[in-house]
2 protein chains.
Amino acid sequence: MELVNTDVAYKFIREKILTGVYLAGSPLATKNLSKEIGVSRTPVRDALRLLEADGLVTIKPRIGASVKSMDLQEFKDLCGLRQALETYAAGLAAQNRTDSELAEIRDALEAMRVIVEKMIKAADDRELLVDLAREDVRFHLAIINVAKNELIKKEIMRLSLINRVVSVPPTGKKQREDLNTRRKVLDSHQEIYEAIAKKDVAAAKDAMDRHQQNNLEKVIQLMGIKEQTKFHSELGLAAAN
Amino acid sequence: MELVNTDVAYKFIREKILTGVYLAGSPLATKNLSKEIGVSRTPVRDALRLLEADGLVTIKPRIGASVKSMDLQEFKDLCGLRQALETYAAGLAAQNRTDSELAEIRDALEAMRVIVEKMIKAADDRELLVDLAREDVRFHLAIINVAKNELIKKEIMRLSLINRVVSVPPTGKKQREDLNTRRKVLDSHQEIYEAIAKKDVAAAKDAMDRHQQNNLEKVIQLMGIKEQTKFHSELGLAAAN
DNA sequence: CTTTGGGAATATGTATACACAAAAATACTT
DNA sequence: AAGTATTTTTGTGTATACATATTCCCAAAG
């Protein structure tokens with residue numbers, strides 16, 4: 001793989017968006033970016049087109065590019081798309097899994113359980129949250145990998161990134177409630193795992209479908225409180241189910 | 001909406017790909033295209049990036065662009081993705097449909113039935129095939145519209161286009177068998193329709209899932225005969241379920 | 001004080017020139 | 001004559017200049 005300036009610009013801008021340096025709605029002027037990155041406007045424009053394809057950037061003719069921002073309906077649609085894909089993947093996983101693949105899913109599940117139990121005891125769970133999110137991703141990724149559909153995998157990962165950028169800000173308070181939702185998430189994962197273990201396709205789909213539905217409703221509820229119609233992330237992990 | 005040269009180039013190249021003028025694997029040199037279209041290389045390159053995002057074009061650094069071609073596995077993955085989305089959409093449609101929306105779905109179904117019955121009598125059904133394909137698309141589109149998820153709609157339509165370009169060529173012969181599969185398709189549609197009419201979400205999903213599965217298997221079978229690992233369309237409608 | 005209009009400033013879209021990598025054609029060696 | 005090295009050519013990636021559309025600002029009018 002040759003490394004061209006377009007890639008440099010792409011990675012640069014993408015990183016800034018994903019780490020929240022460029023917030024949703026922020027304009028992305030090619031001139032500024034080219035100066036900041038140290039390449040000309042041409043590869044910057046190329047990079048912006050790539051990011052538009054990723055769903056992270058919006059480009060309007062004669063107006064320019066900006067970091068993607070969505071309204072509530074778009075966000076719901078996004079979650080629906082993800083729900084469709086993860087549900088389908090869960091079904092495939094239940095159908096095709098080998099024992100070793102199942103073990104990986106179980107390991108991720110157990111790692112999450114350990115962390116949640118640590119959380120119950122710990123006063124401050126901020127650093128545990130990062131671990132939890134990582135294992136959560138690992139669980140879902142393990143299932144997607146077993147589904148063995150590269151296109152679906154790519155699509156889900158793309159959606160995950162958009163979710164991370166254009167998402168609900170972290171609650172901050174109400175730790176007790178969060179702990180409760182975490183237990184529910186764990187139960188959902190357990191259900192999904194068991195269905196896959198039993199190679200019960202319908203049950204796996206059903207469990208994943210409900211898991212995704214619950215997650216959407218939880219996030220919507222959190223957003224409803226704020227009465228926001230447009231929103232962006234503060235790199236919260238709330239939507240990283 | 002402002003019309004910029006990038007759009008001109010985009011539409012030009014896209015049209016050539018969709019009508020089979022540029023076949024799968026064909027190189028798309030920016031210089032030739034810019035001369036042919038009458039714009040400079042810059043908007044052509046932009047257009048190629050857009051087409052890459054659509055999944056119709058592959059771009060390799062320092063090599064250039066070419067019309068997308070896929071192997072069998074990629075095609076299967078593509079069908080899987082579509083299956084996931086259409087199944088989910090069918091579920092939503094069953095949940096949310098109004099009476100008038102249901103009527104549109106039924107109209108498309110009945111239009112298809114009329115055409116198939118004409119086909120049974122007709123000696124030459126070539127022109128009827130076009131009508132059939134149109135009503136088939138109309139049926140699926142009606143369901144997708146009722147699902148009211150713009151993102152999923154866009155995605156399915158994107159996949160449809162790729163399907164049209166990178167797909168199995170029409171069989172040509174064996175009309176009797178084709179007529180039989182057409183009847184089966186009609187039955188599948190009937191099933192889907194009835195489930196949506198009854199607002200039976202699970203049944204709608206199940207019926208659509210099987211419909212998509214059958215379609216994939218039919219196409220795979222046709223491809224298997226040819227023993228092709230890479231293939232392109234001759235604008236056949238076989239995969240336009 | 002707000003609104004409207006016109007001009008300056010800015011940024012985008014496009015064309016084009018150039019450097020260099022890849023492909024093709026040619027010459028050279030065995 | 002076949003394979004290899006070398007040159008030529010082609011085409012991509014990039015920088016940059018320019019035209020034009022948009023935005024910004026301020027002045028004038030309501």
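It should be emphasised that the depicted structure is a prediction, and the values quoted were computed from it without experimental measurement. Reminder, nothing fancy here: chain letters follow the sequence lines and each chain counts from 1.
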From [atom1] of [X] over to [atom2] of [N], roughly how many Å is that when rounded to an integer?
| X | N | atom1 | atom2 | value |
| --- | --- | --- | --- | --- |
| K60(A) | dG13(C) | NZ | P | 13 Å |
| I63(A) | dT23(D) | CD1 | C1' | 9 Å |
| L28(B) | dG11(D) | CG | C1' | 14 Å |
| N5(A) | dA19(C) | CG | P | 16 Å |

Pair listing, salt bridge (charged side-chain N to carboxylate O under 4.0 Å, His left out) test, anchored in residues 149-162 of chain A, at least two apart: E155(A)-R158(A)

side-chain contact (heavy atoms from CB on, under 4.5 Å) partners of A65(B), counting only residues at least two apart: L28(B), L48(B), V57(B), I59(B)

Partners passing side-chain contact (heavy atoms from CB on, under 4.5 Å) against N32(A) (at least two apart in sequence or in another chain): A29(A)

Under 4.0 angstrom between T30(A) side-chain N/O and dT12(C) OP1 or OP2: yes

With Y88(A) via ring pair (Phe, Tyr, Trp, His ring centres under 6.0 Å) - residues at least two apart: none

5' precedence on DNA chain D between T6(A) and K31(B) (nearest-nucleotide basis): K31(B)

Per R62(B) side chain, nearest of listed nucleotides dT14(D), dT14(C), dT12(D): dT12(D)

Proximity to DNA chain D (any heavy atom under 4.0 Å), residues of residues 32-51 of chain B only: R41(B), R45(B)

Q73(A) versus D77(A), side-chain donor and acceptor atoms under 3.5 Å: yes

Residue list, side-chain hydrogen bond (donor to acceptor under 3.5 Å, both in side chains) with K148(B), at least two apart or on another chain: E101(B)

